[in-house]
Structures are given as C-alpha cells and as structure tokens.
**Q** 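Below: one structure in structure tokens.
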Amino acid sequence: MADTKEKARAKSQKAKVQAEPTFSKETYMWWYENMKLIRRFEEKTGQLYGQQKIKGFCHLYIGQEACVAGAVTALEKGDKWITAYRDHAHPLALGTSPGAVMAEMYAKSTGCSKGKGGSMHMFDKEVNFVGGHGIVGGQVPLGAGLAFAEKYNKTGKLCICYMGDGAVRQGAFHEALNMAMTWKLPVIFVIENNGYAMGTSVTRTSNVNDLYKLGHAYEMPSEPVEAMSVENVHEAVARAAERARAGEGPTLLEFKTYRYKGHSMSDPAKYRTKEELEDYKGRDSIEAVKATILLNGWATEEELEQIDEKQKQIVADAVKFAEDSPFPDPSELYTDIYVEPDYPYIMD
C-alpha cells in the first residue's frame, strides 16, 4: 500500500491531490468513472472522425472533463443545462446513453437528436440537456430564458449555461448578463476558458484577461475557478446554486481549463508549444482523482483499471450501436420543426 501511495503522489505532482478529502468515497468513484467515460468516448470519437465515419465539425472535450463532472455533483435533478458546440461530455455526464450520443454523431435515427444535429447539436430532454448550440454565444440568452421560466414557474430549479472564452465578445453575452442580473434570474453562467477562443490566445484578443471580471460591470457575483480540479468546480457551482435557489440571482464563473486537442478536429494547434500542453497534462483532473482514490485506499490500481476497461467496452458498444442503426427516413426532414403536427409544408 505504501508503494502504491508513493506512485500516486509521483504521478500527479502538479494536480490537486486530496490526501484528506472533503468529499466521500462514492463521489470520488463517480467522478473517476464519469470522467473516464468521457475521456474514452472522446478518444474514440477522434479516431472515428479520422476514419471519416463521423463527418462535419467535431470539437473534443479531452482535458476539460472536470468542468462537467464537478458541476453534476453540485446540482440537482431537474436543473437545466445548455452549452455551445463542444457538447458531447454534458449529456454523457448527465446520463444520456453513450449509444445515443455516438449515433447522433453518425447521423443515425437512434441518435439523441434523431440524427439531425450531429456533433454540435446534442439534445436530451430526459436529462434536461437543452443543447448543443453552434452559434457562438447564441446559447447565452437562451440560458437566461430557461432560468426565467424556472423563476416564473416557481420550480426552485436553475439553469447552468456554459460558453467558451470566445463567446464573451458577443453582444448577446452582455445583454443576457444585464437582464439576468436585473431580474435576479436563477442562472449560473460558466465561461470555459481554455486559453484559445479558436486558435488565438485570450491575451491577444482582450484587454481583460481575467474574464470573470466582465461580470463586475453588472454587479454580478463573479469568480475564477481553477477548473483542472473537479473539487474546485463542485464547490464553486454549489455556492452559485445556493445563491440562485435563494432568489439572489445569477453568478458568473470563469473555469480556467485546457483542451489537449485543437479547437476542432481540423485544428493542428500549432499556435501553442509542446511544453505548455505537457504542463497542463501534468495537472490532469482524472489522474488527480485517481491519485486521491489510491492515497485514501478506496480502490486498488487493479480495480481502477477494471473501471477503465469497463468504460472502453461501453464506448465500443456505443460504436456498434451507432454503426448498426439506420439513417433517418427522408420524411423526418419535416418533423420536429413546428409544434403543429400538420404544418402545411410546400414540398414541390
């Protein structure tokens, strides 16, 4: 056991390892399983994209897993979730079938958006995931609107709205923050600041490099979060959720995170150094959680390896499900557009 602990310490020297954790064994084990699933799913997605089995745009979440996993454990069932186009991890973390997510990327009828949305437009009403949105910043006012509905209906629920660091340049971001603060809406705005809006550093596009400070213009409670730590994410989201449920309004959180891959699968990421990438990999959130589990004797290396193998099999099963599923019937082109079931389309 002593040897195992020393290996755990050595493997995650830069990452935040909890020798005396404030969260339970069950929480850490859930984090590990969940983040491992996301990591293995995204790795397979990248491989399939290279084989041209997945087409269109595709943005991977590798490196950012803690941004979602920590928030799930801090929120309640029934809270609404909305994000931009880097959206595979969110439904997976919330419980959407991996097969349905993979089938969506294959554009199959069994996908969570019936094969109509693809990689960038995942939706799953059953887990309160309201998308996957391809317009930069377009989801921010939608997130405020979802929160408005929760407040209007007195549900006691909230909306967590994710965006990339590039979205804060959009006017809709500022309009939504102003309205949310004025009406004290139960919304948590999250900026996933991975350093590069697409291929340009935040420091080259803004005089304000600490993006959470943008919330100060609206007197909105705002704070930075070292989001390579799943514990930090949970704690920050929990504080913001408590405020929202108490009727005190929105919070802006800047998740300082990092993506190991390029902006999309077509991005070789030549704008950053190998040293920078390796430095962030040394802070890997999954390795930190693994080290915490080992240090506290909650599982052995062999048991964690079994979990990893289990997640690989789940992903393999998801791929088979997607490949065996049919494409949508052409008639599906006219469904799910309007609530009115017999909308008079002109089809000639």
Side-chain angles (χ1 to χ4, degrees), residues 12 15-18 21-46 59-83 86-102 104-105 112 122 124 126-129 132 160 162 188 190 192 225 227-238 241 255 257-260 283-294 296 298-299 301 303-319:
S12 294
K16 182 182 178 183
V17 181
Q18 296 280 328
T22 55
F23 295 95
S24 68
K25 170 187 174 180
E26 290 72 24
T27 299
Y28 274 98
M29 295 302 293
W30 187 89
W31 280 337
Y32 184 76
E33 288 197 35
N34 190 270
M35 290 195 289
K36 267 295 184 181
L37 173 61
I38 295 169
R39 178 71 58 89
R40 295 308 185 195
F41 188 96
E42 293 291 69
E43 288 172 347
K44 176 57 72 172
T45 296
H59 308 79
L60 302 182
Y61 211 70
I62 298 173
Q64 298 184 207
E65 293 89 353
C67 296
V68 167
V72 171
T73 51
L75 297 181
E76 297 177 357
K77 186 176 181 180
D79 290 333
K80 302 299 188 297
W81 293 64
I82 191 168
T83 190
R86 197 180 304 278
D87 62 344
H88 312 155
H90 300 73
L92 288 173
L94 290 167
T96 300
S97 163
V101 178
M102 187 63 76
E104 187 57 41
M105 286 192 282
C112 55
M122 301 280 176
D124 189 351
E126 294 302 313
V127 298
N128 293 300
F129 182 60
I160 185 167
Y162 287 76
I188 304 171
V190 174
E192 292 181 296
V225 181
M228 298 302 284
S229 160
V230 69
E231 296 94 345
N232 287 354
V233 170
H234 176 107
E235 290 166 355
V237 172
F255 283 4
T257 184
Y258 201 79
R259 52 174 165 80
Y260 298 168
R283 311 178 201 177
D284 189 79
S285 58
I286 301 176
E287 289 300 322
V289 167
K290 178 180 180 180
T292 298
I293 291 170
L294 293 173
N296 288 276
W298 290 334
E301 285 271 10
E303 288 169 335
L304 294 181
E305 182 62 31
Q306 289 173 6
I307 290 173
D308 191 20
E309 291 302 318
K310 171 188 171 185
Q311 305 306 54
K312 288 179 183 178
Q313 187 58 52
I314 288 173
V315 173
D317 292 343
V319 174

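As the structure is a prediction and not an experimental result, all values here were calculated from the model.
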**Q** Classify the angle between the aromatic ring planes of Tyr260 and Tyr258 as parallel (below 30°), tilted (30 to 60°) or perpendicular (above 60°).
**A**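 Rings of Tyr260 and Tyr258: tilted, as their planes differ by 30° to 60°.
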**Q** Evaluate side-chain contact (heavy atoms from CB on, under 4.5 Å) for Met122 paired with Val101, printing each intermediate quantity in order.
**A** CA-CA 7 Å; Met122 301 280 176; Val101 178; 3.8 Å; yes
**Q** Restricting to non-hydrogen atoms, name the atom on Ala71 and the atom on Val237 that form the minimum distance, rounded to 0.1 Å.
**A** CB-CG2, 4.0 Å
**Q** For Glu33, does its backbone N or O pair with a side-chain atom of Gln311 as donor and acceptor, under 3.5 Å?
**A** yes
**Q** Does a sphere of radius 6.0 Å around CD in Glu126 hold more than 12 heavy atoms from other residues, nucleotides or ligands, not counting ones at 6.0 Å or beyond?
**A**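 Atom CD in Glu126 is not crowded, with 12 or fewer foreign heavy atoms closer than 6.0 Å.
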**Q** Measure across Leu92 and Pro98 and return the closest heavy-atom pair with its distance rounded to 0.1 Å.
**A** CD2-CA, 3.7 Å
**Q** Please report the interatomic distance CD1(Ile38) to NE2(His88), rounded to the nearest 0.5 Å.
**A** 11.5 Å
**Q** Given side-chain contact (heavy atoms from CB on, under 4.5 Å), test Phe41 with Met102 step by step and report yes or no.
**A** CA-CA 9 Å; Phe41 188 96; Met102 187 63 76; 3.7 Å; yes
**Q** In sequence, state the C-alpha distance, the side-chain angles, and the governing distance for Leu75 and Ile188, and then conclude on side-chain contact (heavy atoms from CB on, under 4.5 Å).
**A** CA-CA 11 Å; Leu75 297 181; Ile188 304 171; 4.2 Å; yes
**Q** Parallel under 30°, tilted from 30 to 60°, perpendicular over 60°: which one fits the rings of Tyr162 and Trp81?
**A** parallel
**Q** Classify the ring geometry of Trp298 against Tyr28: parallel below 30°, tilted from 30° to 60°, perpendicular beyond 60°.
**A**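 Trp298 vs Tyr28 ring planes: tilted.
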**Q** For the pair Asn296 (side chain) and Thr292 (backbone), establish whether a donor and an acceptor sit closer than 3.5 Å, ignoring hydrogens and angles.
**A**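 Yes; at least one donor-acceptor contact below 3.5 Å.
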**Q** Knowing that exactly one of Arg86, Arg40, Arg259, Arg39 qualifies, which makes a salt bridge (charged side-chain N to carboxylate O under 4.0 Å, His left out) with Glu65?
**A** Arg39
**Q** When you check the side-chain N and O atoms of Tyr61 and Glu192, is any donor under 3.5 Å from an acceptor?
**A** yes
**Q** Please assess Asn232 against Phe255 for the test side-chain contact (heavy atoms from CB on, under 4.5 Å), listing each intermediate value before the final yes or no.
**A** CA-CA 9 Å; Asn232 287 354; Phe255 283 4; over 6 Å; no
**Q** Where do Glu309 and Lys312 land on the salt bridge (Lys or Arg N to Asp or Glu O under 4.0 Å) test, with the steps shown first?
**A** CA-CA 5 Å; Glu309 291 302 318; Lys312 288 179 183 178; 3.4 Å; yes
